[in-house]
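Report on one structure; see the data block that follows.
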Amino acid sequence: MKRLYIDTVGCQMNVLDSELVVADLRSHDFEPVDRPGQADVILFNTCSVRQHAEEKVYSNLGRLRQLKQENPDKVIGVIGCMAQNHQQRVFKRAPFVDLVVGPGQLHQLPELIEKVERGKGRQIEVSLGRKDGNRLQILRSHESFDPLRDPQMRPTPFQAYVRTQIGCDKFCTYCIVPSVRGPEQARSPEEILAETQHLAEHGCLEITLLGQTVNSYRYKDGEKTVRLADLLYQMHDIDGLQRIKFVTNFPKDMTDELLSAVRDLSKVSPYLHVPAQSGSTDVLKRMKRGYTAEEYREMMDRINEQIPNSAVSSDLIVGFCGETEGEYQKTVDLVRDCRFKNSFIFKYSVREGTKADQLFEDDVPDDVKRRRNNELLALQNQISEEDNQAFIGRSLDVLVEGLSKAALDQARKGTVPILFGTKFASRFFSGIGLAS
Ligand code: 5AD
Ligand code: SF4
């Protein structure tokens, strides 16, 4: 048995990829361990959505330099979005790294690790860039990694992610995802349903469908096109399954059919994460989001009309190129009017090679970004607090997901006992949501 340590940052898609990588490597005689020092193979599953996430990986890698010097046989790999984004640059900045594997090449990991172990030197496998071939070649080079699920490898036994599609074709100007995760490619409904059925048979109560823009899901099946709403109706019939969620949604694809499905299907959670990104139509235009602030508000009205008990959450970017105080105030207004259940707020971070990087200047000073971020967060916290008051005294069904991150840290330090189901959870920390 060889020992594997995997560190995961980024969105739910990375959490799922890590689960699948661990399951795949377990079938190749690896067992997971809790600390890099104990491992023969150390993998970092990385995120490129903001620069900060990438810098953190380099600083974590830096801490392994000495370990590698003392134990040259240990294999160190960078996988996921930053591997695809930086490619050879990873070797330049961290020369002791042995492996660089993009998210579309994860199926090759066992073989690549073996090559390194056999002394064949550094290995790199990445997919084609969005302009590096014809459409078919590019599509094929980004492979969905969907090996059979290993129930033991899930962060909790009761919940699981199921992928509906990989990649993204929206090309919002600030976003790196379409370059690193490639073109949008849907999994077949048969595969999605079979996987869900299998998970339910193994005790899974809650499934979260995952796609960068999950509600854009389209699968052409002969004459008919299967959409997300159709998948929800079919999943609803699966015995044992109690709750179905889906993330992340793109505002323009929030169709009435989908909203009706959420309203009519009791297992579908009325929780909708629909990132607005900004409340200013001018900023949305520069972001190339494809909708106006007015259209987003109309979508909110439709959601509230059709699903009165719904909870909508959002992602918002502050300090995008050229964002004036007036434009930022429109985002404040949007948050105040929509009363999101929760908002994930981010300071704009330039991503090399994106349209925004080519077309605009990152001209909002960092202290202004920080102030806008803090103000918006304070407003959102106040709204969430007020909303939560309405739950005092009510009885609700809840699914206990496991220990919080703080409790897990305590568990690792030995101050609270580790419970069933949390053994592997510590490796699956998800810092941010999917981009959409
Ligand atoms: N800078 C800041 N935030 C970004 N996001 C995506 N790209 C960037 C960027 N370049 C945010 C979006 C997305 C979330 C996951 O990350 O709000 O929805
Ligand atoms: Fe696609 Fe979402 Fe990125 Fe836009 S923000 S390009 S929809 S992943």
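Counting starts at 1 for both ligands and their atoms, following the listed order. Every value quoted in this text rests on a predicted model; they were computed, and no experiment measured them. Just so you know, residue 1 is the first one in the sequence shown, and it goes up from there.
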Exercise. So, is Arg351 polar-close to ligand 1, with some N/O to N/O distance under 3.5 Å?
Worked result: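 No; the residue has no nitrogen or oxygen that sits under 3.5 Å from a nitrogen or oxygen of the ligand.
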Exercise. Can you find an N or O of Ser349 that's nearer than 3.5 Å to an N or O of ligand 1?
Worked result: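 The answer is yes, given that Ser349 and ligand 1 share an N or O pair closer than 3.5 Å.
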What part of [X] sits under 4.0 Å from ligand 2 if we count only heavy atoms: the side chain, the backbone, both or neither?
{"X": "Thr213", "answer": "side chain"}
{"X": "Tyr174", "answer": "side chain"}
{"X": "Pro275", "answer": "neither"}
{"X": "Cys168", "answer": "side chain"}

Problem set entry | Pairwise side-chain contact, Cys175 with Thr354, heavy-atom cut-off 4.5 Å (strictly under) |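 No, side chains not in contact.
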Exercise. Below 4.5 Å, heavy atoms only, C-beta onward: do Pro183 and His142 meet side chain to side chain?
Worked result: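 Side chain of Pro183 against side chain of His142, heavy atoms only: contact under 4.5 Å found.
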Exercise. Considering Ile176, Leu316, Thr354, Val49, which one's heavy-atom position lies nearest to atom 8 (C) of ligand 1?
Worked result: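 Residue with the shortest heavy-atom distance to the ligand atom: Val49.
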For this session: Check Gln277 against ligand 1 and report side chain, backbone, both or neither, counting heavy atoms closer than 4.0 Å.
Result: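 For Gln277, the contact with ligand 1 is made by the side chain alone.
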Exercise. If you measure from each non-hydrogen atom of Tyr174 to ligand 1, which part falls under 4.0 Å: side chain, backbone, both or neither?
Worked result: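 Contact part for Tyr174 vs ligand 1: both backbone and side chain.
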For this session: Dump the intermediate steps for side chain to side chain contact (heavy atoms under 4.5 Å, CB included) on Arg289 and Ser278, then the final yes or no.
Result: CA-CA 10 Å; Arg289 288 289 288 177; Ser278 171; over 6 Å; no
For this session: Check step by step if side chain to side chain contact (heavy atoms under 4.5 Å, CB included) holds for Asp17 and Arg163.
Result: CA-CA 10 Å; Asp17 281 341; Arg163 211 191 309 270; 2.8 Å; yes
For this session: Could you tell me whether a side-chain N or O of Tyr217 sits under 3.5 Å from a main-chain N or O of Arg187, the two making a donor and an acceptor?
Result: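 Yes, the answer is positive, given that a donor and an acceptor are paired below the 3.5 Å cut-off.
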For this session: Specify whether an N/O/S atom of Cys175 falls short of 2.8 Å from atom 4 (Fe) of ligand 2.
Result: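 No, Cys175 does not qualify, because none of its backbone or side-chain N, O or S atoms lies under 2.8 Å.
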Exercise. Does even one non-hydrogen atom of Arg289 get within less than 4.0 Å of ligand 2?
Worked result: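 Contact present.
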Problem set entry | ligand 2 atoms in contact with Pro178 (distance to a heavy atom under 4.0 Å) |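 Those qualifying, in numeric order: 6 (S).
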Exercise. Lys170 heavy atoms, cut-off 4.0 Å: which ligand 2 atoms fall inside?
Worked result: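 It comes down to these atoms of ligand 2: 1 (Fe), 7 (S).
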Problem set entry | Residue among Leu258, Leu209, Leu272 satisfying side chain to side chain contact (heavy atoms under 4.5 Å, CB included) with Asn215 |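 Between Asn215 and the candidates, side chain to side chain contact (heavy atoms under 4.5 Å, CB included) is satisfied uniquely by Leu258.
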Problem set entry | Which atom of Arg286 lies closest to which atom of Thr173, heavy atoms considered |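 In this case the closest contact between Arg286 and Thr173 is O-OG1, 2.7 Å.
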Problem set entry | Atoms of ligand 1 close to Ile317 [distance to a heavy atom under 4.0 angstrom, numbered from 1] |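 Atoms satisfying the 4.0 Å criterion: 3 (N), 4 (C), 5 (N), 12 (C), 17 (O).
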For this session: Tell me whether the guanidinium CZ or amine NZ of Arg122 lies under 6.0 angstrom from the six-membered ring centre of Phe91 and within 45° of its axis.
Result: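 Because its charged atom sits under 6.0 Å from the ring centre and within 45° of the axis, Arg122 does stack over Phe91.
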Problem set entry | Residues Tyr161, Glu19; criterion side-chain hydrogen bond (donor to acceptor under 3.5 Å, both in side chains); working and verdict | CA-CA 10 Å; Tyr161 291 128; Glu19 178 198 319; over 6 Å; no
